[in-house]
Amino acid sequence: QVQPVESGGDLVQPGGSLRLSCVASGGIFRINAMAMGWYRQAPGKERELVAQISSGGSTNYADSVKGRFTISRDNVKKTMYLYMNNLKPEDTAVYYCNLVSGLLWPWGQGTQVTVSS
């Protein structure tokens, strides 16, 4: 069973940048054929999908992060990244990685991103 581990979250000032990483440890069977994505959940809010990437590298972003975030994946390392630029206070949330179709992995612990001056 795949056990995603998110990392890279931190406290940053508005306008700052971060790189989040997700390592899909454990099961790897046909993982390269699966679309993956980054989700986030802010306090009192529902978890939302903010960025996704297909097995072929096609990407899609929520309007709230479009132009500021970039998602990528390394299928050899079984690692997914989220490059976050021009961070805003409303980006504050716990960020999770998971599949975006089919049977999702169990949710990991996520990584906390806090944007505050």
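FYI, side chains are in, hydrogens and waters are out, and symmetry mates aren't considered; it's all heavy atoms of this structure. Since the structure is predicted, the reported quantities are computational estimates derived from the model, not experimental observations.
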Hey, would you say the Phe69 and Trp38 ring centroids sit under 6.0 Å apart?
no
Residue list, side chain to side chain donor-acceptor pair (under 3.5 Å) with Asn85, at least two apart or on another chain:
Ser17
I'd like to know if the side chain of Arg73 reaches the main chain of Ser54, judged simply by a donor and an acceptor atom lying under 3.5 Å from each other, with no hydrogens or angles considered.
yes
Nearest atoms (heavy-atom pairs only) where Val65 meets Asp91
CG1-OD1, 4.5 Å
Could you pull out the closest heavy-atom pair between Asp74 and Val76, with the gap in Å?
OD1-N, 3.0 Å
Decide if atom CD of Glu48 counts as having more than 12 heavy atoms of other residues, nucleotides or ligands within a radius under 6.0 Å.
yes
Determine whether Trp107 and Leu49 fall in the same hydrophobic cluster, where Ile, Leu, Val, Met, Phe, Trp and Tyr are linked whenever their side-chain heavy atoms lie under 4.5 Å apart.
yes
Trp105 backbone acceptor or donor facing Asn98 side chain under 3.5 Å:
yes
Same cluster or not: Leu99 versus Leu82, using hydrophobic residues (I, L, V, M, F, W, Y) connected whenever any side-chain heavy atoms lie under 4.5 Å apart?
yes
If hydrophobic clusters are built by linking Ile, Leu, Val, Met, Phe, Trp and Tyr wherever their side-chain heavy atoms come under 4.5 Å apart, do Met84 and Val12 end up in the same one?
yes
Would you name the heavy atoms of Tyr61 and Lys66 that are closest together and state the gap between them?
O-CE, 3.6 Å
Taking Ser117 for its side chain and Gln13 for its backbone only, find out whether a donor-acceptor pair lies under 3.5 Å.
no
Which heavy atom of Cys97 sits nearest to which heavy atom of Glu6, and what is that distance?
N-OE2, 3.0 Å
Smallest separation among heavy atoms of Arg68 and Leu87, with atom names
NH1-CA, 3.9 Å
Nearest atoms (heavy-atom pairs only) where Met80 meets Gly37:
CE-O, 3.3 Å
Hydrophobic cluster identity match, Ile53 and Val5, side-chain contacts under 4.5 Å
no
